[in-house]
A.B. asks: 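One structure follows; several queries about it will come next.
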Amino acid sequence: MSTSTVKLSQWETMLLEAARAHGLVDEEIIHKLRTGDSRPFADVEGGRYDYAPLFELYQNDSAALEQAIRDGYQIKFTTLNGIKFLLNKRYNLQPEQDYQVEETALDQVRLSDEALRWMRQTVSKNWRIVEQEKLAASKETVVRFELAAF
């Protein structure tokens with residue numbers, strides 16, 4: 001089994017995280033992909049998303065997608081809105097309510113150690129995550145996501 005991190009498109013990760021936010025657990029998602037059963041995904045956010053790309057990816061490389069679902073993944077290229085989507089679906093954080101939105105950055109984002117570790121692993125390398133402050137009381141870190149200069 002390869003230990004390299006699977007890279008997914010931002011759209012594929014959005015479909016996956018929307019399904020997780022809807023309450024589908026990883027093994028359930030894998031089982032549905034394996035059996036080709038798209039019906040459970042029809043209820044995700046009222047049928048807002050077409051899950052065909054995830055099923056297509058599963059048919060092309062089931063091992064990689066199963067590894068991504070179980071062990072994590074990295075997004076090939078993440079946009080500002082992609083980060084906002086992840087913060088909302090995984091951690092229920094709302095822009096302008098839980099953090100500040102700038103043109104090329106998200107500021108004052110409070111994340112647990114686990115959430116920070118996950119975001120560092122997942123967000124593409126075109127973003128830098130800058131730790132601003134450790135909050136001992138809540139065991140959170142205040143961070144800033146900013147576009148990395150190349």
A.B. asks: Identify the residue among E102, Q108, E131, Q132 that makes a side-chain hydrogen bond (donor to acceptor under 3.5 Å, both in side chains) with R144.
C.D. replies: E102
A.B. asks: Minimum heavy-atom separation for I83 and T78, please, with both atom names.
C.D. replies: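 So the two residues come closest at CG1-CG2, 3.6 Å.
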A.B. asks: Quick one, V142 and L135 - any side-chain contact, counting heavy atoms below 4.5 Å?
C.D. replies: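 When only atoms from C-beta onward are counted, L135 and V142 do touch, with a gap below 4.5 Å.
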A.B. asks: Looking at F41 and K32, what are the two nearest heavy atoms and their distance?
C.D. replies: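 Scanning both residues completely, I find the closest heavy atoms to be CE1-CB, 3.7 Å.
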A.B. asks: Can you confirm whether R20 sits close enough to D26 that some side-chain heavy atom of one is under 4.5 Å from a side-chain heavy atom of the other?
C.D. replies: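 Yes, at least one pair of side-chain atoms sits under 4.5 Å.
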A.B. asks: How close do A18 and Y49 get, counting heavy atoms only, and between which atoms?
C.D. replies: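 It is CB-CE1, 3.7 Å.
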A.B. asks: Under the side-chain hydrogen bond (donor to acceptor under 3.5 Å, both in side chains) rule, what do Y99 and Q94 come out as? Steps first, then yes or no, please.
C.D. replies: CA-CA 7 Å; Y99 58 89; Q94 303 293 331; over 6 Å; no
A.B. asks: Just how far is it from atom CH2 of W127 to atom CG of L147, taken to the nearest 0.5 Å?
C.D. replies: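 Answer rounded to 0.5 Å: 4.0 Å.
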A.B. asks: Of all the heavy-atom pairs spanning L86 and W118, show the shortest one and how long it is.
C.D. replies: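 Of all heavy-atom pairs spanning L86 and W118, the closest is CD2-CH2, 3.9 Å.
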A.B. asks: Do any N or O atoms from the side chain of N88 and from the backbone of K84 form a donor-acceptor pair under 3.5 angstrom?
C.D. replies: no
A.B. asks: Looking at every non-hydrogen atom in both residues, tell me the closest pair between A68 and L8 and how far apart they are.
C.D. replies: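 A68 and L8 have their closest heavy atoms at CB-CD1, 3.9 Å.
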A.B. asks: In plain terms, say whether K134 and E140 are close enough for a salt bridge, that is, a side-chain N and a carboxylate O under 4.0 Å apart.
C.D. replies: no
A.B. asks: Report yes if the side chains of L15 and P53 come closer than 4.5 Å at any heavy-atom pair, otherwise no.
C.D. replies: yes
A.B. asks: For P95 versus V101, what's the shortest heavy-atom pair and its separation?
C.D. replies: CB-CG2, 3.7 Å
A.B. asks: Got V109 and T141 here, is their nearest side-chain heavy-atom distance under 4.5 Å?
C.D. replies: no
